[in-house]
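Pasting a structure here, questions to come.
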Amino acid sequence: MLFEVTLHSVFIRLMKEQIAQLIASAVDALKADGTLPGDTQPNIMVENTRDKSHGDFASNIALTLAKPARRNPRELAQALLAALPQSDLIEKTELAGPGFINFFVTQASTAAVVGQILTEQTAFGRGRAASKARTQVEFVSANPTGPLHVGHGRGAAYGASVADLLEAAGVPVEREYYVNDAGRQMNILGTSVWLRYLEKCGAELTFPSNGYKGAYIHDIAAAVFDQHGDQYNRDIAQVMANIPVDEPQGGDKEVHIDALIERAKALLGDAGYGIFFNAALDSILADIQDDLSGFGVNYQEWFSERGLTSNGDVDSALNTLQENGYLFEKEGNLWFRSTDFGDDKDRVVRRANGATTYFASDIAYLKNKFERGFDKVLYIWGADHHGYIARMKAACQALGYDPERLMVRLVQFAILYRGEERLAMSTRSGSFVTLRELRDEVGNDACRFFYVTRKAEQHMDFDLELAKSESKDNPVYYIQYAHARVCSVQRKLKESGWAWDKESGLANLALLNTEHEKDLITKLSKYPEVLTAAAESYEPHMLANYLRELANDFHSYYNANKMLIEEAELRNARVTLSEAARQVLNNGLTLLGVNAPEQM
RNA sequence: GGGGAUAUAGCUCAGUUGGAUAGAGCACGGCCCUUCUAAGGCUGUGGUCGAGGGUUCGAAUCCUUCUAUCCCCGCCA
């Protein structure tokens, strides 16, 4: 059961699993001789020790079985130790503390991981997820009304790393971006472009307070003008005739902008209006796609919201809810009784005027995802969306799907600092820092790493100065430097006229006996479980922290032991170990979207 | 008012099946370059794990109450 075949290799079972097997044998033996009740169902836990003096692994099995066995824990541990089968993995065992069993593993059995790494290379540590459920990860999904800002950046880095981790753990993954290309905001956007276009044509007007004021709107308007000339120009008096006044003039800004949208549609016709709407959408979406792709964030699918309404998915989803008996009418509106599933209040899905709500699209989109065959759908949202979880879970159940199949991870916003200075981030004034600006200033590697170095639900401080610094203070450079150092050793090795003899190195791993060497080997052996745990819990920060520790162990080793030495066997063993470290650093960095440079 | 998140060293944060003496980086002391990149290493100081109660062999971790900070609570998108 624990053996799984991949293209590259048969998995070597983790040391932990093998030790658990030994304990299971001992428990069986004690059941057979009556020390333990025959119906004992042991939950065998083997954990990594925190303190090296406690050996490599420890089990609390005697503590958990003491009660059913009616035995003193230490006494029981002693009996288990006596019943433990012989194994050449184990150097020695100890009974410790209140009844822990500590396992000290032989150097040879741990060092075997070095050969495994060099054989499996990029496949090392992969494919161990317990569940291989086909999973869709939807993330970023920012409205295409403007460039991505630094808040989206964290969702992008987090989502991409989670997806890559899942894939590495052997879970089939698809990455998707939901393009909100329908709805009022998009109409405001299209109309904003048209108004700028009118200005370009020479009109003088007061731009609506609720319109999109960014510089990119002018650019899009200019592009339309270049392509179509002034054929969509309209007399400004005609445009503004009977439009309710804007907020600064004492009116309502929403009413004002809605009237302008209707006027644009009326004066331009569907085709003409579509020119502006699509110019805005295409331009901004292309910009977002370029931005993300430059950030190393790639999708299998860009899913259009407009498609949902045009192909009847929204109606179909509402019909399903109707058939299942969860819709009702009140005051002309159609409601979804989400309170049946624990939501705070019921939700409108279709307004009295016939327009379906945004939530109705979300329900249709969810149904669509399941109909495409995904076993699990993972949503990555900004923390401000946590209120949507209850209604989406409710919709999931009302549609007849197990709510466990819908998962949401919330990402807190990052606060940018430049040294001590906190950077203001006002969306209102349009002066927010864009993701592209951040990437340009800090670089993709530092951005990707910094964003995922903290737990997603943690508020985080992102210090630009630290991210840019090229010193050990900066964890990205610190880890990359460890990788580059190994490459440098290889270069020096060649210059010295020695060749790296891998076979000799593998044959002489037993020579790697210093504390630093043993620590580094042990750390390398943990990579598969770190990768798997990080993937299964959707927590890439676990990998980021691991890489920091691995780099630290390597730097310590490098500093304490010279590799390019006359003694060929030890030289080869050391170079072999550092190559294994390089491979794992490379694998891990790649999963986080960070480059592993050969030279700094 | 209701709901959620967060609270661990001076600062930023780990601590993921409840385990033994709570860790890392930064900052602040001390030390290590005739040595493969010192872009590095070693080492010291530093803690009432927000507060109180509970669960048990054992709690930073689970339950409960409270406090502080942030976020959400529209027929918006």
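So that the names make sense, note that chain A is the first sequence line, chain B the second, and so on, each numbered from 1.
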Problem - Side-chain donor/acceptor contact of A:E539 with base of B:rU16 under 3.5 Å - result: yes
Practice task
Under a 3.5 Å limit for both distances, which nucleotide forms a Watson-Crick or G-U wobble pair with B:rA38, could you say?
Solution key: none
Exercise for the section: Examine B:rA38: is either OP1 or OP2 under 4.0 Å from a nitrogen or oxygen in the side chain of A:R485? Give yes or no. Expected result: yes
Problem - Output field: ring centroids A:H516/A:Y558 closer than 6.0 Å - result: no
Fill in the blank from the handout: Sorted by position of nearest nucleotide on RNA chain B, 5' first, the leading residue of A:N102 and A:E549 is A:E549
Exercise for the section: Using the C1' atom on both, measure B:rU16 against B:rA51 and round to a whole Å. Expected result: 26 Å
Problem - Carboxylate-amine/guanidinium proximity below 4.0 Å for A:R351 and A:E331 - result: no
Exercise for the section: State whether the side chain of A:S338 and the backbone N or O of A:A394 hold a donor-acceptor pair below 3.5 Å, judged by distance alone. Expected result: no
Handout entry: Residues from residues 453-462 of chain A lying under 4.0 Å of RNA chain B - heavy atoms
Key = A:R454, A:K455, A:E457, A:Q458, A:H459, A:M460, A:D461
Exercise for the section: Using a strict 4.0 Å threshold on nitrogen-to-oxygen distance, state whether A:D258 and A:R184 make a salt bridge. Expected result: yes
Practice task
Please work out if A:Y558 contacts a base, only the sugar-phosphate, or nothing of the nucleic acid, heavy-atom cut-off 4.0 Å.
Solution key: base
Practice task
If the glycosidic angle is within 90 degrees of 0 it's syn, otherwise anti, so just tell me which one B:rC33 is.
Solution key: syn
Problem - Closest-nucleotide 5' rank along RNA chain B - winner of A:L493 and A:V46 - result: A:V46
Completion exercise
For B:rA7, the nucleotide meeting Watson-Crick or G-U wobble distances (both under 3.5 Å) is B:rU67
Completion exercise
Residues in residues 48-56 of chain A with a heavy atom under 4.0 Å of RNA chain B, by number, are A:R50, A:H54
Practice task
In whole angstrom, give the distance that lies between atom CG of A:D463 and atom P of B:rC13.
Solution key: 11 Å
Handout entry: Rounded distance in Å - CZ (A:R409) to P (B:rU16)
Key = 16 Å
Fill in the blank from the handout: Rounded to whole Å, the CD-P distance (A:E529 to B:rU17) equals 10 Å
Fill in the blank from the handout: Separation of B:rU17 atom C1' from A:I61 atom CD1, nearest Å, is 13 Å
Exercise for the section: With heavy atoms under 4.0 Å as the rule, sort A:A96 into base, sugar-phosphate or nothing. Expected result: base
Handout entry: Distance, C1' atom - from B:rC13 to B:rA7, rounded to whole angstrom
Key = 12 Å
Problem - Separation between CG of A:L589 and CZ of A:R448, rounded to the nearest 0.5 Å - result: 11.5 Å
Completion exercise
Note: A:A551 and A:L585 closest approach over all heavy atoms is N-CD2, 4.3 Å
Problem - Backbone of A:N595 reached by a side-chain donor or acceptor of A:Q480 within 3.5 Å - result: yes
Problem - Base partner of B:rA77, which must satisfy Watson-Crick or wobble distances under 3.5 Å - result: none
Practice task
Let me know the distance between CG of A:N545 and P of B:rU16, rounded to the nearest Å.
Solution key: 12 Å
Practice task
Would you classify A:S556 as touching base, sugar-phosphate or nothing, given that sugar-phosphate means primed atoms plus P, OP1 and OP2, and contacts are heavy atoms under 4.0 Å?
Solution key: sugar-phosphate
Practice task
Answer yes or no as to whether B:rA39 has its base stacked against A:Y478, where stacking requires a ring-centre separation under 5.5 angstrom and planes under 30 degrees apart.
Solution key: no
Problem - Rounded distance (Å) that lies between atom C1' of B:rC36 and atom CH2 of A:W500 - result: 16 Å
Exercise for the section: Determine which nucleotide pairs with B:rU55, using a 3.5 Å limit on both distances of a Watson-Crick or G-U wobble pair. Expected result: none
Exercise for the section: Using a heavy-atom cut-off of under 4.0 Å over every strand shown, decide if A:Q599 touches base, sugar-phosphate, or nothing. Expected result: base
Practice task
Indicate, yes or no, whether a donor-acceptor pair under 3.5 Å links the base of B:rG19 to the side chain of A:N60.
Solution key: yes
Practice task
Any side-chain hydrogen bond (donor to acceptor under 3.5 Å, both in side chains) involving residues 449-467 of chain A? Give me the pairs, sequence neighbours left out, ordered by first then second residue.
Solution key: A:Q412-A:H459
Handout entry: Basic-acidic side-chain contact under 4.0 Å: A:E517, A:R574
Key = yes
Practice task
Answer with base, sugar-phosphate or nothing: what part of the nucleic acid does A:N561 contact at a heavy-atom distance below 4.0 Å?
Solution key: base
Problem - Gap in Å between the two P atoms, one belonging to B:rG10 and one to B:rU6, rounded - result: 22 Å
Handout entry: Between B:rA24 (P) and A:L550 (CG): distance, integer Å
Key = 17 Å
Practice task
Using a 4.0 Å cut-off on protein heavy atoms (strictly under), produce a 5'-to-3' string for nucleotides 72-77 of chain B with B for base contact, S for backbone-only sugar-phosphate contact, and - for none.
Solution key: S-SBBB
Exercise for the section: Look at all strands and tell whether A:A58 reaches a base, only sugar-phosphate, or nothing, counting heavy atoms closer than 4.0 Å. Expected result: base
Completion exercise
Nearest heavy-atom contact between A:F554 and A:A482 is CE2-O, 3.7 Å
Problem - Backbone of A:A484 reached by a side-chain donor or acceptor of A:S488 within 3.5 Å - result: no
Handout entry: A:N552 side chain near B:rG41 phosphate (N/O to OP1/OP2, under 4.0 Å)
Key = yes
Problem - Integer-rounded Å distance: B:rC13 P and A:D473 CG - result: 16 Å
Completion exercise
Residues passing the salt bridge (charged side-chain N to carboxylate O under 4.0 Å, His left out) test with A:D340, sequence neighbours excluded, are A:R337
Problem - Sidechain-backbone polar pair: A:E94 side chain, A:H54 backbone, donor-acceptor under 3.5 Å - result: no
Handout entry: salt_bridge(A:K502, A:E579) N-O dist < 4.0 Å
Key = no
Exercise for the section: For the pair A:R571 and A:E569, find out whether any cationic side-chain nitrogen is under 4.0 Å from an anionic carboxylate oxygen. Expected result: no
Practice task
Examine distances only and state if a side-chain atom of A:K393 and a backbone atom of A:L406 form a donor-acceptor pair shorter than 3.5 Å.
Solution key: yes
N/O contacts under 3.5 Å, protein versus nucleotides 28-33 of chain B?
none

Exercise for the section: Tell me what A:F100 touches on the nucleic acid: a base, only sugar-phosphate, or nothing, going by heavy atoms under 4.0 Å. Expected result: base
Practice task
Please report the closest heavy-atom contact between A:L321 and A:F336, naming both atoms and the distance.
Solution key: CD1-CD1, 4.1 Å
